[in-house]
Each structure stands twice: as C-alpha cells, then as structure tokens.
Number of protein chains: 2
Amino acid sequence: MPNATFFNLPEAKRQGIIDCAIAEFAIADYDSASISNIAKQAKIAKGSFYQYFADKKDLYLHLIDLATQQKIAYFKASRPPESEIGFFAYLRWLFRASTQFELIYPALGQIVHRAFYSDLPFHDEVLKRTQMASSGYIRELVKQGIDRGDIDASVDVELAVFILSTLVYRLRDFIPQQLDLTPAQLAQDQLSPDNRTAIEQIFGQLVRVLEQGMGRSPTPTPPQSSSSQTQTH
Amino acid sequence: MPNATFFNLPEAKRQGIIDCAIAEFAIADYDSASISNIAKQAKIAKGSFYQYFADKKDLYLHLIDLATQQKIAYFKASRPPESEIGFFAYLRWLFRASTQFELIYPALGQIVHRAFYSDLPFHDEVLKRTQMASSGYIRELVKQGIDRGDIDASVDVELAVFILSTLVYRLRDFIPQQLDLTPAQLAQDQLSPDNRTAIEQIFGQLVRVLEQGMGRSPTPTPPQSSSSQTQTH
DNA sequence: CAGTCATATGACCGGTCGGTCACATTTTGG
DNA sequence: CCAAAATGTGACCGACCGGTCATATGACTG
C-alpha cells in the first residue's frame, strides 16, 4: 500500500501519478514497466515516487486493487437488472457492462489481463485480489441460473464459468476488430448509432448461441449429441 | 532469419540454443527477455549469438515461425478426421489436438499467445506470420460447416470464429485448473486414465454446448429468443 | 608447414533499470 | 519568528540490458 503521504497529496497530483502509472503498466509488462518513466511523465522526481511507494511491486498491487474497485463500482453504477429477469437476459447486461468498461478504461483492462495471463513472480498474490471479482461473480450467477432452471442442470458449472468468463473478457478484442476500429478509437470516440446497433447485435447473437447451448432445453433429454461419441486418438 | 552459420551448427547445439530461447521468451515478454541470459543458459558466448542472429527481433521472429510450423506439423500428424465426419465432430478433434499441443509444448503456446495479445513494436509483422495458421483455419472450417448445414446459417461467421478460437485457446488454462494440476505437471506426466476421461468429458460437454448453440436447429426458426430483446442502457 | 578464412569469445560501450540518500524546500505549530 | 518535522529532489549506485569488435581458435587449402 502506498504511504500515507501519497494519500494526502492534492487530488490532481495523486491522480496524475496514478494515471501515468496505469498508462505505463498498460503498455509494458511488470518487468518492462519503468518507474523512471512514470516519474518523468508524472513530472515528479523519482525520489518522490519512492516516498509514496515502497517499491515497484507496491505500486503494481495498488493498481490491481484500483482496477478491481473501479470495475466493481462501474458495474454497480450500470444498474444491474433484477436477477428475476432471467439468467440470459442478465448475461446480456453483463456483456454490455463489461464491454463498456473495457472500452472506457482500456488500460485498466489491459493491466488486469496481464495480471492473469503472464507470469509474475507473485502471481498468486495477484490472483487472490482479483479472482473473487471476476470468475467468482460469474460462478454465482451460473449457480443461480441453474437453480432457477434457466441453465440446463447437466451443464457443468465450472465449464459454464469458463465459457462465459472467457467470452466476456475476449469481447474486448472482438468488438473493435468487428467494427474495424482500433480499441483506442473505440474508447475515445462517441459510438455512432450504427456501431451501437452492431454491438448490440453481437451481444444478441452471442447470448442466443449461449442460451441455445446451455439453456434448459424444452425437449427433456437429448442424451447424446450426434458427434460426441468418444473418439480416442 | 538466422545466419547460414547457425543452420550449419551441430544439431544438438542448435537445438539447445533454440530451446533456451523458447524458455526465455516463454517466461518473459519481448522487452524483458534477455539475450545475455539465453547465451548463458545455452553456454555460448554472447558474441556467438550475434553471429547467428542479426538482433533480438531476428531471433524472436524465427521462434514465431518455428512455433507455427511445429503446430501445423503436429496437427497434420494428429490425423485430422475426414471433414465428412461433420463440423462438430471435427471440432472435437480440433479441441483435442490443440489442447495436446499446448500441453506438450506449453512454452511455444505461451510465446504465440503473447505475440497476439501484447503490444510489440512490430505487432503487425507477427500477426501476418501467424494469422492464417489459427483463426484463418477455423474460419474455413466454419464456412464449410455452414455450407454443409452443420452450423445454423443465421450464425455470423466472424462471431463463430471468435467463440471457437477463443475457447480453443483457453482450454489450455481451463483443463489444468479443472484437473488440479499445474500446466507443467500436465505437460510432463503421462495422463492417468481418470484424467484422460475427465478431459474427454470436458471436450464432450463443450462440443455439446456449441452444437446446441450454433448447430442447425431441428425447429426451423425460433426467431427471437426469450431474452435477446434489445435493451438499451 | 604456412596462410587463409570461417567461427568463437568475452571485455567493453552507451544506456536504462530499480532503488538510495544527502540535501533543499516547504509546512507546521509553539 | 524560528525550530522541527514533513516533503521534494536528482545525482548517484550497482546491475543488467542489446549490441559491437578486436582478438583467439580451429579448420581447410596448397
């Protein structure tokens, strides 16, 4: 955790440092990110930086905390629908909110992504701080969905969590690619109505595929799909 | 491309250098990976390294090439089923072969992954060398699947490619997690029969979800799913 | 044997890194 | 108003980086 001195800093200065740090860790992984560069960009002396933060790791973990806090806050502010609306409608909201967050705060998304999928010396420590917030959240949703009968009970919870959390996260890459925009453009510009509807169509199709794939099927038991007979190599 | 000198090296020495390089680029991103360390691990002088490779980028692009070649070779050697078998059965083979590759050569997988999802100075150059081999391959499969009527024609090709290539890749993380093994253990040990069947069940469930979700549905048109009505925020 | 040429080597270069510290400056409060 | 405490600063440290190069070593040719 940053020093008390840091939190007593004028709001603008403190936020400036954090912004520069976020930008740096978004474009470089933990080892490559440069404290010297952060200090230069934030227009503070390097010595000052080390009066706020014990070391590089201290700053990094603080950024991870900030990112998860910010994501949770954003989700709460996005007015999640009542869970009575049903699992897949809720899921659609989740896709939308998550994508919006990733587009508004692409750097935070990038940092969290890197925290998950690259090998830090203290990888475990980071996972503890972020795990609950993402896949744990989706896991609860899935369990509810099964209890309510929205999701077919034969679907393994962990598999469903895997599919959903993977897709939720990867929309961040897919949507800019489909809209022929760089993520940066998408983040800055206001979305044109055309793009908005295009994005909604993606959400719609994705939810439809998932609902057909995992939803409680009207026909009671199609026990074995035509192609899932075990085939060893 | 490495120098001719490099290719004239004794097989063992050349492969040793490549192995060390792969290990290094697997645990560190492009900037952090250290040529000095590769030379040290491979027990050659740094000067020798620079007689084989023009620079760091030269080595890196060579590794990318090797990785894609190796993956293609592995797939061909895995005896792909006839495409007449149907899209989803083929998909199951693809899941299996891809997961096996990732578990046998985790470092190569890691390097390619990083090439895709982190920001190199020459990101475009890398994508050109790998694009065809992964999502391009899946895209062709999807198109065939639609033509044959295995996949519902209302499913957007790019969305299907997105879903499939994302899941194919992420199985690499999901399966070790489900089996409570580290990827390293999974890569080294022979799989127990229990684990084998567990993995096959994962493939089976995954294919089933996808087949129900994207497959040509027996009912002609369920035009609007219960939850996909557009809901703006 | 000598001479030539490809290859191997590690000291060395300029630069950047994370982190420190003696000192300058500002803020505090009695 | 001044001393003491808090905060700001950038030169400096040892380590390591990618890359170079003069030189050493060995292998081929005549």
Side-chain angles (χ1 to χ4, degrees), chain A residues 1-18 20-64 111 114 118 120-122 125, chain B residues 1-18 20-64 111 114 118 120-122 125:
Chain A
M1 278 288 272
N3 199 308
T5 311
F6 178 70
F7 291 110
N8 294 334
L9 246 38
E11 165 71 21
K13 185 172 183 181
R14 195 181 68 235
Q15 196 57 49
I17 294 169
I18 290 296
C20 292
I22 288 172
E24 178 75 9
F25 277 95
I27 64 166
D29 82 341
Y30 181 78
D31 284 327
S32 303
S34 159
I35 301 295
S36 302
N37 192 38
I38 293 171
K40 191 193 297 175
Q41 298 300 325
K43 281 163 191 144
I44 61 171
K46 197 155 59 159
S48 297
F49 175 89
Y50 280 97
Q51 278 200 332
Y52 309 143
F53 297 93
D55 51 24
K56 195 183 195 178
K57 176 177 166 182
D58 188 22
L59 166 64
Y60 178 73
L61 291 181
H62 182 57
L63 293 185
I64 296 288
I111 290 173
R114 244 196 271 271
S118 83
L120 294 165
F122 43 96
E125 206 165 337
Chain B
M1 277 287 271
N3 197 308
T5 310
F6 178 69
F7 291 109
N8 294 334
L9 247 36
E11 165 71 19
K13 185 173 183 179
R14 194 181 69 237
Q15 196 57 49
I17 294 169
I18 291 295
C20 292
I22 288 173
E24 178 75 9
F25 277 95
I27 64 165
D29 80 341
Y30 181 78
D31 283 327
S32 303
S34 158
I35 301 295
S36 302
N37 192 38
I38 293 171
K40 191 192 298 174
Q41 299 300 325
K43 283 164 187 139
I44 61 170
K46 197 155 62 160
S48 298
F49 175 89
Y50 281 98
Q51 277 199 334
Y52 310 143
F53 297 93
D55 51 24
K56 195 182 194 178
K57 177 177 166 182
D58 188 21
L59 166 64
Y60 178 72
L61 291 181
H62 182 56
L63 293 186
I64 297 288
I111 291 173
R114 244 195 272 271
S118 84
L120 294 165
F122 43 95
E125 204 165 338

(request) Let me know the distance between NZ of B/K56 and P of D/dC16, rounded to the nearest Å. (result) 15 Å
(message) Check for me whether the distance between the ring centres of A/F122 and A/Y30 falls short of 6.0 Å.
(response) yes
(message) Please determine whether a side-chain nitrogen or oxygen atom of B/S36 lies at a distance below 4.0 Å from atom OP1 or OP2 of D/dC16.
(response) no
(request) In whole angstrom, give the distance that lies between atom CD1 of B/I38 and atom P of D/dC17. (result) 10 Å
(message) Expressed as a whole number of angstroms, how long is the span from B/L59:CG to D/dG19:C1'?
(response) 14 Å
(message) I'd like to know if the side chain of A/N3 reaches the main chain of A/F53, judged simply by a donor and an acceptor atom lying under 3.5 Å from each other, with no hydrogens or angles considered.
(response) no
(message) Do B/L120 and B/Y60 have side chains that approach each other closer than 4.5 Å (heavy atoms only, starting at C-beta)?
(response) yes
(message) Using whole Å, what does the distance between atom C1' of nucleotide D/dG8 and atom CZ of A/F53 come to?
(response) 15 Å
(message) Check whether A/D29 reaches the backbone of A/S32 with its side chain - one donor and one acceptor, N or O, closer than 3.5 Å.
(response) yes
(message) Just to be sure I understand the rule, does A/A28 reach a base, reach only the sugar-phosphate, or reach nothing, if contact means heavy atoms closer than 4.0 Å?
(response) nothing
(request) Taking only the side-chain nitrogens and oxygens of B/Y50, find out if one of them lies under 4.0 Å from OP1 or OP2 of D/dG19. (result) yes
(request) Please work out if B/A39 contacts a base, only the sugar-phosphate, or nothing of the nucleic acid, heavy-atom cut-off 4.0 Å. (result) nothing
(request) Give a yes/no answer on whether the side chain of B/S34 brings an N or O atom under 4.0 Å of OP1 or OP2 in D/dC17. (result) yes
(message) Check the orientation of A/Y52 and A/F6. Use parallel for under 30°, tilted for 30 to 60°, and perpendicular for over 60°.
(response) tilted
(request) Quick one: pull up CD1 in B/I38 and NZ in B/K46 and give me the separation to the nearest 0.5 Å. (result) 11.0 Å
(request) Would you kindly give the CZ-to-C1' distance between A/F6 and D/dA6, to the nearest whole Å? (result) 17 Å
(request) Determine the contact category for B/D55: base if any of its heavy atoms lies under 4.0 Å from a base atom, sugar-phosphate if only primed atoms, P, OP1 or OP2 are that close, otherwise nothing. (result) sugar-phosphate
(message) Distance check needed: C/dC17 P versus B/D29 CG, whole Å only.
(response) 14 Å
Give every pair of a protein N or O atom and an N or O atom of nucleotides 6-12 of chain C that lie under 3.5 Å apart, one pair per line with the distance.
| residue | atom | partner | partner atom | Å |
| --- | --- | --- | --- | --- |
| C/dT7 | OP2 | B/T5 | OG1 | 3.0 |
| C/dA8 | OP2 | B/Y52 | OH | 2.8 |
| C/dA8 | N7 | B/Q51 | OE1 | 3.2 |
| C/dA8 | N7 | B/Q51 | NE2 | 3.4 |
| C/dT9 | OP2 | B/S48 | OG | 3.2 |
| C/dG10 | O6 | B/G47 | N | 3.4 |

(request) Rounded off to whole Å, could you give me the OH-to-C1' distance for the B/Y60 and D/dG18 pair? (result) 17 Å
(message) Checking B/Q51 now: which residues fulfil side-chain hydrogen bond (donor to acceptor under 3.5 Å, both in side chains) with it, not counting sequence neighbours?
(response) none
(request) Report the distance from atom CG of B/D31 to atom P of D/dG18, rounded to the nearest whole Å. (result) 9 Å
